[in-house]
Structures are given as structure tokens and as C-alpha cells.
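Have a look at the structure below, then the notes.
In this text, all values refer to a predicted model and were calculated from it rather than measured experimentally.
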Amino acid sequence: MTDTTEAAWSRGRTLLNLGRAVEAEAQLRAALATDPGNSAVLADLGRALVTQSRWDDARSVAQSALTADPHNLSALLVLSQAQRATGALHEALETVRSALRTAPEVAALHLQEGAILLEDDRPQEALSSLERARRLAPEDPDILVCTAAALAELNRHDEAVATVRAALSLDPENETAHAVLGQLTLRRGGGRDAVDAYRTAVRLDPVDETNREGLALALKSRNPLYGQLLRYSGWLDGLPAAARWGILLAPWVLTRLLEPFDHQTWARVVIGMVIVLVALTWTLEPLMNTVLLCGRRSRALLPRTTRLTTVAFLVFLALGVGCAVAQAVEGQGSYAFATVGCALWAFAAGSAHLVAPRRQRVAVALVGAGALLAVVAVATLASPVLVVLFLTGGGMLWFVRLA
């Protein structure tokens, strides 16, 4: 290695350690111009690309480094990180474990293994890897943050909070630690602590979409009812599909059982409370999104999908209320049927943004089609169209909450 190459490499490493990845990349490429096959420089260039989230480039550079030196641990770590980021979890795990067979004393490799296992929904195995990492580097805040996330997945909430707070005591500016603390607080109903945690995370990384969505959720959780809804949703999502169906159908079954007693005051009170609780369960999320949508700053926190589905919810709600008023005035049964159909679609649209990311585009398209169908149904009151509105509304509810 020439003096020029070594000087550029040294500057690149210094800039990389300072978090100035773009400038580091320029220096490392300058070093490679005179020594293109240097595995160590290539590995550091891969690190710079990982910092910039340029996963395909990082993978290519890591593979070049490994061609020159198949046992380069830094290059193996970069390759594993790129594979994990692009969804190739099995490949990423194999890569990092091949590095661990060579160097089981490197904490960063155990951390990477734990992060992959956690993303692959194997929190107990992840925790074992992270405990090995902690024994090797007990004061590494990144290891503590990942450990907190694994503990949270195992429902060891108090330990998770203590661990992430330990990480923040070591590194108060750790954006991921603040985000994890926000997630943990939301699991207990959120509130001001969740808002503070996510606001700090957004301040430290203003472009991270996950943190911005977390802050929006935290702002909604300041409403005590919404905080309880978060707890309920977390509990419901943890149940098997059959149990969720049972919970969702329970209010309907209860009202049917109370029907013979509907002439008695107590039964009417119970039925009324059930209806109010069901309505709150399905509408509180989109109503809180509507509040955020009305604020200039808070509106920017909502992803495009959430904004679209919230507007659709308001459309269905307006149509449903209009039909209910018309039914009360005119007493025409078709309006009652249209009200129910619009209500089903409103409930579904209000939660459509909560489906898995891979299904969100489909959900938005279906909600748009449902809105057009509702307008036609209300305008014509044609029985076949009303039946289709009712059935598709029920189907959309299943797609959003149970599929």
C-alpha cells in the first residue's frame, strides 16, 4: 500500500467513525483507485454504504472484498447487514454465522445474529445471541437496545424498559433507543412519555418514517380512550384468528341474547353500552387520525396511506349518517340497509392503513372502489347494489382485521 493510499484510507476511516459516510466514501474510493483489490479498504467502503442504506452497492462491495480475502470479518458483517436489509434473512444468518465460526469473540457479530433472529420472529434465540454479545461488550448501547426489543417481544416489559434506559444512560442521543422506549410505552397505553420518546427520536432522525408514524401514534395516545384501545388491540392481535372472530362476534351474540328483554330498561342500557363500545372500538382510530389531519404540523406525520383511508372513512361516515337521518325522517327500509352497509365500510376504511405493508396498496384500492359503490348505492337505493355494498363491507372488514 502506497503512502497516498494509506492516507486516503485513514481519512476515510476517520470520517466514517464521525458519521460522515458520504465524505468517507469519497476518500475510500480514492484509496481504491490506487489499490483496487485491497480487502480492508473495500470492507470499510461497504460500511460507508451501509450507513447510507445503499444495500445493493454494499453487497457488491462486500463480495469484492471477500473475493480478495474470504475471511475478512468486516466484509462478512457488511454482507450480512445488506442481506438482512433486503429481506434475505436466511442468507444473512448463514453469513454472520460463518463469521462467528472464525471469530466467536466479536460482539458485533453476535449482535447481528440477534438482530436477524429477532426480525425472523425468533425472540428467544435472539435473546441468547444478544446475551453473548453483552458478555463481550456490556456497555455497548446498540446491544442493549436490541436486547430490550427482544425482551419486549417475550412480554418481559419491565426488563425491556430497564434495559433501554440503561442504553440511554450510556448514549442519550441514541435514536433507536428512544424509538424502542416509545414503542414500549405505547404497549402500556402511551401518553406523554411516548410522545417525549418519539419526539426525541424524530429530532435525531427527522426522515425516518417509522419514527414519524410512532410519533403520530403517541400523539393519539394522549387521549385516554385511545390509550385503552391500544392495549385492547395489542391483546386482540396476540390471539389466534378463531379467538379474534369470537371476540368480534361477541357483541352481536350478546345483543341477540338480550333481544327478548329489550322492553326492560336494564337490557336497553346494556345493549346501548355494547353498541357504543363497538362503535368506539372501530371509529376511535380514524377519528384521532382526523384530528391529526386537521393540524398543519401533525398532518405531515401521517403516511399517505393513512391520510387516504381517513378521508375515505369520513366519506363513508357522512353517507351513513345521511342515510340514518333519511331513515328517521322517511321511514324507508332501504335507507336502514344503506346505513349498515356504509357503517361496515367506514369501520373497514378506518383501519385499512393498519394492514401489512405488502397489502396496503390493495387495501387503498379496495377502499376507493367501496367509496364509489357506496355513492351509487345511496344515490339509487337499488336493492342489488345495497346487497353488494353490505356483503363487500363485511368482506372488507375480514380483509382488514382477520385475513
Which salt bridge (Lys or Arg N to Asp or Glu O under 4.0 Å) pairs, counting each pair once, include a residue from residues 217-228, with sequence neighbours left out?
K220-E285
Suppose the criterion is salt bridge (Lys or Arg N to Asp or Glu O under 4.0 Å): which pairs have a residue in residues 58-69, not counting sequence neighbours?
R59-E91
Residue pair R307, V311: steps toward the side-chain contact (heavy atoms from CB on, under 4.5 Å) verdict
CA-CA 6 Å; R307 294 197 298 269; V311 170; 5.7 Å; no
Should R132 and S129 count as side-chain neighbours, where that means a heavy-atom distance under 4.5 Å?
yes
Can you tell if the side chain of W9 reaches within under 4.5 Å of the side chain of Q27, non-hydrogen atoms only?
no
Atom pair CG (L118) and CD (Q124), whose distance is rounded to the nearest 0.5 Å:
11.5 Å
For a quick test of reading the model, state the closest non-hydrogen atom pair linking V145 to A177 and the distance between them.
CG2-CB, 3.5 Å
Answer whether the closest heavy-atom distance between the side chains of L258 and V270 falls below 4.5 Å.
yes
Please check: side-chain N/O of T14 versus main-chain N/O of S10, any donor-acceptor pairing under 3.5 Å?
yes
If we ignore hydrogens and angles and just use 3.5 Å, is the side chain of T95 paired with the main-chain N or O of S80 as donor and acceptor?
no
Between E25 and R54, does at least one N-O distance fall below 4.0 Å, as a salt bridge requires?
yes
Could you tell me whether the side chain of H178 and the main chain of P172 form a donor-acceptor pair under 3.5 Å?
yes
Using modelled atom types and a 3.5 Å cut-off, is there a donor and acceptor pairing between side-chain atoms of S60 and backbone atoms of D57?
no
Residue pairs meeting side chain to side chain donor-acceptor pair (under 3.5 Å), one or both in residues 137-158, sequence neighbours left out, come to D142-N174, E153-R187, R156-E159
Quick check: do R299 and C294 have side-chain heavy atoms less than 4.5 Å from each other?
no
Check F347 against L397 and note the closest heavy-atom contact, atom names and distance.
CB-CD2, 3.8 Å
If we only count heavy atoms from C-beta on, is the R304 to L308 side-chain gap below 4.5 Å?
yes
Testing the basics here: between L111 and C146, what is the closest heavy-atom pair and its distance to 0.1 Å?
CD1-CB, 3.8 Å
Just so I know, are the side chains of W345 and T392 near enough to count as touching, which here means a heavy-atom distance under 4.5 Å?
yes
Pair D193, T185: side-chain N/O donor-acceptor within cut-off below 3.5 Å
no
Could you note down all residue pairs passing side chain to side chain donor-acceptor pair (under 3.5 Å) where residues 98-110 supplies at least one of them, sequence neighbours left out?
none
Assess whether atom CG of D205 is packed by more than 12 heavy atoms of other residues, nucleotides or ligands within 6.0 Å.
yes
Locate the shortest heavy-atom distance separating L319 from A374; write the atom from each residue and the value.
CD1-CB, 3.8 Å
So which heavy atom on A348 is nearest to which on V400, and how close?
O-CG2, 3.7 Å
Any chance you could measure D44, atom CG, to N72, atom CG, to the nearest 0.5 Å?
8.5 Å
Separation of I143 CD1 from L170 CG (nearest 0.5 Å)
11.0 Å
Minimal heavy-atom distance between A149 and V180, with the atoms involved, is N-CG1, 4.5 Å
Within the side chain of E213, is there an N or O that forms a donor-acceptor pair under 3.5 Å with the backbone of L301?
no
According to the salt bridge (Lys or Arg N to Asp or Glu O under 4.0 Å) rule, which pairs have a member within residues 174-183, sequence neighbours left out?
none
Do side-chain atoms of T163 reach the backbone of A148 as a donor and acceptor pair under 3.5 angstrom?
no
Stepwise side-chain contact (heavy atoms from CB on, under 4.5 Å) test for L154 and L127:
CA-CA 9 Å; L154 294 168; L127 187 60; 3.7 Å; yes
Do V362 and F399 have side-chain heavy atoms sitting under 4.5 Å apart?
yes
N/O donor-acceptor pair under 3.5 Å between R212 side chain and A300 backbone:
yes
Using modelled atom types only, decide if a donor and an acceptor are shared between the side chain of S221 and the backbone of G191 within a distance under 3.5 Å.
yes
Sort and list the pairs that fulfil salt bridge (Lys or Arg N to Asp or Glu O under 4.0 Å) and have at least one residue in residues 73-90, not counting sequence neighbours.
R84-E119
Between the CG atom in L186 and the CG atom in L217, the distance rounded to the nearest 0.5 Å is 5.0 Å
More than 12 heavy atoms of other residues, nucleotides or ligands under 6.0 Å from CZ of R192: is that the case?
no
Distance, nearest 0.5 Å, that separates CG of L287 from CG of L292:
11.5 Å
Give a yes or no answer on whether the side chain of R47 reaches the backbone of V78 with a donor-acceptor pair at less than 3.5 Å.
no
Gap between atom CD1 of I116 and atom CD of E125 - 0.5 Å precision
12.0 Å
Are V367 and M396 close enough, and set up right, to give a side-chain contact (heavy atoms from CB on, under 4.5 Å), and what steps lead you there?
CA-CA 8 Å; V367 166; M396 190 63 186; 3.7 Å; yes
Enclosure of F390 CZ (heavy-atom neighbours >12, cutoff 6.0 Å)
no
Can a side-chain donor-acceptor contact be found between Q327 and T339 if the only test is distance below 3.5 angstrom?
no
Verify side-chain contact (heavy atoms from CB on, under 4.5 Å) between T283 and M288, making sure each step is shown before the conclusion.
CA-CA 9 Å; T283 61; M288 293 304 299; over 6 Å; no
Quick one, E113 and L117 - any side-chain contact, counting heavy atoms below 4.5 Å?
yes
